[in-house]
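Data first, discussion second: the structure below is written as structure tokens.
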Protein chains: 2
Amino acid sequence: MRYHKISDETIRRLPVYLRDLLTLSEQGRSSISSNDLASLLGVNPWQIRKDFSYFGDFGTRGVGYDVENLIRQIKKILRLSGVNKVALVGVGNLGMAVMAYPGFKRYGFEIVAAFDSAAGKVGKQIGDVRIEDVVALNTLQRRNIHVAAIAVPRDAAQETADALVDAGIKGILNFSPCYITVPKKVKVITIDIAMDLARLPYYLPGN
Amino acid sequence: MRYHKISDETIRRLPVYLRDLLTLSEQGRSSISSNDLASLLGVNPWQIRKDFSYFGDFGTRGVGYDVENLIRQIKKILRLSGVNKVALVGVGNLGMAVMAYPGFKRYGFEIVAAFDSAAGKVGKQIGDVRIEDVVALNTLQRRNIHVAAIAVPRDAAQETADALVDAGIKGILNFSPCYITVPKKVKVITIDIAMDLARLPYYLPGN
DNA sequence: CTATGTGAATTTATTCACAGCA
DNA sequence: TGCTGTGAATAAATTCACATAG
């Protein structure tokens, strides 16, 4: 193994590998070849081997990859080993779904705080989390929360992002349908499910 | 303009361009340069010009692009011009959020049917849509619905996809956290928000 | 003089083919 | 022999630079 800068495309694929490896682990599978993993994931075996080769010799030739070891290594690279505390801003329909989404826990994420600006929502209890007023965002730093999800209406997204940056947030998952500007040191990943649906008709047979 | 195969990357960006162009249009803006659009979107101007050049000469040199015309052209390429009827399978937390998501209407999508397997949910009315039993999926073809969203638990995703393919569905937006196998003529786009969150810690400053 | 449109150059990512290890 | 790991080949996407049109 030699040093390589890991490409963003590889980083994008790692969570997908991890997802199915966790499932395999739950099913008691201890080892898997790149071929089998590839057909499970719907990708090419050499893509998987290439991706893995960027950061280590994980496999055993003639055998395959050890599932548990691979999980450990991928988690380490993605920095998913511990628990990642996440704050949510905006507890509307989407925010509620985000809070209820069972997939996060699997990767060590826990939504430990929720904020909204509507007086009617503040104080309400959702599971273990009590909705706080957005003015309390500045408590995030001292509470050791470095990642936040934005699920507010478009017009409030930029000001929410600004407040989060002021509160020391280092990574933002943006569900609002717009581009937000942040300092370079802050990483933003925007998810707009309408954007994905919008490219589906292009691929449909002619009509 | 010459013929080029439009790359998937370009197709992925078109809905993002469209999103902000629609906002500009609502704000009454009639024309915009690639530079201004680029800074609005957080991308490079030449990327925008290159993308647009793949399918037409939309701009006016020295002036910029006509917003309304650009919207019309992008919609035409993405086949978003009319109304796209969408069926939803799985009306849990995520399914409810999908139904309530205001972003779809903007691109001409309308969720006109919803299905669930839980007896307690079947028959319930959500807005204009009455939840139907999944056994009624086979009515989709005659109802002229060609696109469906899957928001069922992982273990039910593949069988749901199979049923949708049998029902003549041509495009699937898969919210379930797994790969699903379908015939080549059917297009699947998988959205797993946990996958996006999972690569965020990688980009955070070292800890 | 401004801003588009596009070949050419560069960079990045994917695919291949096979050497090398268990 | 089976499957990984990886240089080399190929393909694809991005960036540049500038000719061209309004």
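All chains are named by letter (A, B, ...) in the order of the sequence lines, taking the proteins before the strands, and each is independently numbered beginning at 1.
Side-chain contact of B/Y101 with A/D192: a donor-acceptor pair under 3.5 Å is present, judged by distance alone.
Note on B/F58: only backbone sugar-phosphate atoms sit closer than 4.0 angstrom, heavy atoms only; bases stay farther off. Heavy atoms of A/R13 sit under 4.0 angstrom from primed sugar atoms or phosphate atoms, though from no base atom.
Checking side-chain atoms of B/S25 against main-chain N and O of B/E68 turns up no donor-acceptor pair under 3.5 Å. A donor-acceptor pair is defined here as one N or O able to donate and one able to accept, closer than 3.5 Å; no such pair exists between the side chain of A/N44 and the backbone of A/W46. Between the B/R154 side chain and the B/C178 main chain, no donor and acceptor come within less than 3.5 Å of each other.
Closest to the side chain of A/S34, out of D/dT6, C/dA13, D/dT4, is D/dT4. For B/Y54, the side-chain atoms get nearest to D/dT14 when compared with the rest of C/dT14, D/dT14, C/dG5.
Per the geometry, CD belonging to A/E9 stands 14 Å off P belonging to D/dA12, to the nearest Å.
Under the 30°/60° scheme for interplanar angles, the aromatic rings of A/Y65 and A/F52 are found to stand perpendicular.
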inquiry  = Return a single string for nucleotides 16-22 of chain C, one symbol per nucleotide in 5' to 3' order, where B is base contact, S is sugar-phosphate-only contact and - is none, cutoff 4.0 angstrom on heavy atoms.
reply    = SB-BBBS

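Note: B/Q73 CD to B/L18 CG = 12.0 Å, rounded to the nearest 0.5 Å.
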